[in-house]
Trainee: 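Below are the structure tokens for one structure; questions will follow.
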Amino acid sequence: MFHPWRNPRRDNDDDRRRLPTANAATRVTAPALLAWITAAIAAQIAIILLLRGLRPRVPVPVPPPPPPRETGAWPGWREFRVSARGYEDAGLTQCSFRLTPMDGQALPPFQPGQYLTFALPAGPGGGLLTRCYSISQPPDPDGYRVTVKRAGVVSGFWHDVVQPGDVLRLRAPAGRFVIDAEVAVPVVFIAGGIGITPLLSMLLWSLDAQPGRVLHLYYAARDEAALAFAPLLERLAALHRHFHLHILCDAAGRVDGPRLASLLPPAGRHIFYLCGPAGMMAALGAVLAEAGVAAADIRQEAFGPAAVGPQSGHGAFTIRFETAGRSIGWDGQDACLLDFAERHGVAVPSGCRAGSCGSCETAVLAGEVRHLAEPDHIPAPGHCLLCLAVPETDLVLAA
Ligand code: FES
């Protein structure tokens with residue numbers, strides 16, 4: 001017969017001697033035993049909790065936060081297939097490329113306005129060149145779209161060589177030129193030429209995610225044939241009463257200061273997003289400042305080599321390029337050490353030329369440099385970004 005205190009598999013004389021029997025004076029009923037077990041477990045839990053409470057608190061190491069420019073990023077390069085391409089303007093100078101990840105995994109969200117960095121086999125002999133392009137669509141877990149304007153060798157590679165089915169390597173979306181969350185504050189987007197691309201991403205996202213937010217887009221191009229996404233923009237303006245589209249066509253293809261001053265929306269706080277040639281943005285910055293717009297409400301991203309601005313380092317210094325075996329005098333004529341190196345025939349890698357891609361990162365072996373703007377790509381200790389750096393002293397660079 002089953003005995004409540006006896007394991008039938010260990011039913012031997014020794015066990016019987018250690019366990020109480022049914023005839024013992026301390027006879028225990030099954031409900032009482034259950035109560036003992038419950039009480040014992042409860043006591044153990046209480047002791048464990050007490051000990052945990054008394055244990056000295058050891059600080060738990062907190063991993064460093066990811067760089068602010070990256071959202072949901074993957075490390076290094078990831079392969080994408082070009083799944084489609086198509087022109088966005090009547091002049092056939094601005095072509096969009098749709099990219100889908102080779103691994104089939106959903107893409108992390110990005111912040112509208114961010115860009116992608118590409119390693120493109122567009123150099124001599126198929127050598128890799130690094131270039132950055134704004135994403136021209138709102139976040140989509142299935143893929144990205146970039147839109148490239150034909151303007152030089154690398155953009156020519158996109159237009160003439162890259163076809164659906166090709167595989168390209170990308171770094172994760174990055175960049176600080178992103179739309180804000182202040183829904184109650186109207187937005188003014190100002191785009192010059194291909195500067196429309198990050199603003200289009202912001203606009204499309206805001207129309208969907210910030211319903212009712214008042215949005216103005218001033219979009220300048222040389223002529224109607226150079227307007228990208230024109231049918232889409234006109235359709236959106238017809239659909240959304242709070243979206244106001246202002247197309248500006250002139251020979252320069254940019255919004256000039258006086259014209260903007262005459263077109264600015266009525267008084268009141270607005271947040272301005274500017275993207276276009278650096279010269280255009282410098283002029284607009286002055287107009288907006290004169291109109292009393294707070295500096296914090298003017299967000300901008302230039303493209304092209306002039307993005308950094310003409311703030312060269314002062315003074316005459318000797319710059320030694322160690323790998324090239326050259327020592328050259330810095331005369332302050334160049335906007336940055338990258339321009340300086342290239343002007344003197346010293347080969348250094350480059351990509352975005354605006355502190356974003358990290359291609360021009362170079363070790364500073366001796367001396368001091370100054371970065372003219374806060375880079376998106378943070379260089380390693382003892383390194384600088386040649387595209388943003390000017391000398392403060394004589395230098396020895398690893399390049
Ligand atoms: S060229 Fe991209 S960081 Fe300098």
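Position 1 is the first residue of the sequence, and the numbers go up from there. Just so you know, ligand 1 is whichever comes first in the structure, and atom 1 is the first atom listed for that ligand.
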Trainee: Which pairs pass salt bridge (charged side-chain N to carboxylate O under 4.0 Å, His left out) with one or both residues in residues 136-158, sequence neighbours excluded?
Mentor: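 Found Arg98-Asp140, Arg150-Asp160.
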
Trainee: Any chance you could lay out the side-chain hydrogen bond (donor to acceptor under 3.5 Å, both in side chains) test for Ser327 and Arg320, step after step, and finish with the verdict?
Mentor: CA-CA 4 Å; Ser327 293; Arg320 170 84 183 160; 3.2 Å; yes

Trainee: Quick one: ring pair (Phe, Tyr, Trp, His ring centres under 6.0 Å) partners of Phe118, sequence neighbours excluded?
Mentor: Tyr133, Trp158

Trainee: Applying side chain to side chain contact (heavy atoms under 4.5 Å, CB included), can you list everything that pairs with Ala389, at least two apart in sequence or on another chain?
Mentor: Leu337, Val369, His371, Cys384

Trainee: Under 6.0 Å between ring centres, would you say that holds for His216 and Phe272?
Mentor: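 No; Phe272 has its ring centre 6.0 Å or more from that of His216.
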
Trainee: Go through Gln94 and Thr147 one step at a time and tell me if the side-chain hydrogen bond (donor to acceptor under 3.5 Å, both in side chains) criterion holds.
Mentor: CA-CA 6 Å; Gln94 296 159 84; Thr147 306; over 6 Å; no

Trainee: Run through the protein N/O/S atoms less than 2.8 Å from atom 2 (Fe) of ligand 1 and write them out by chain and number.
Mentor: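 N, O, S partners closer than 2.8 Å: Cys352 SG, Cys357 SG.
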
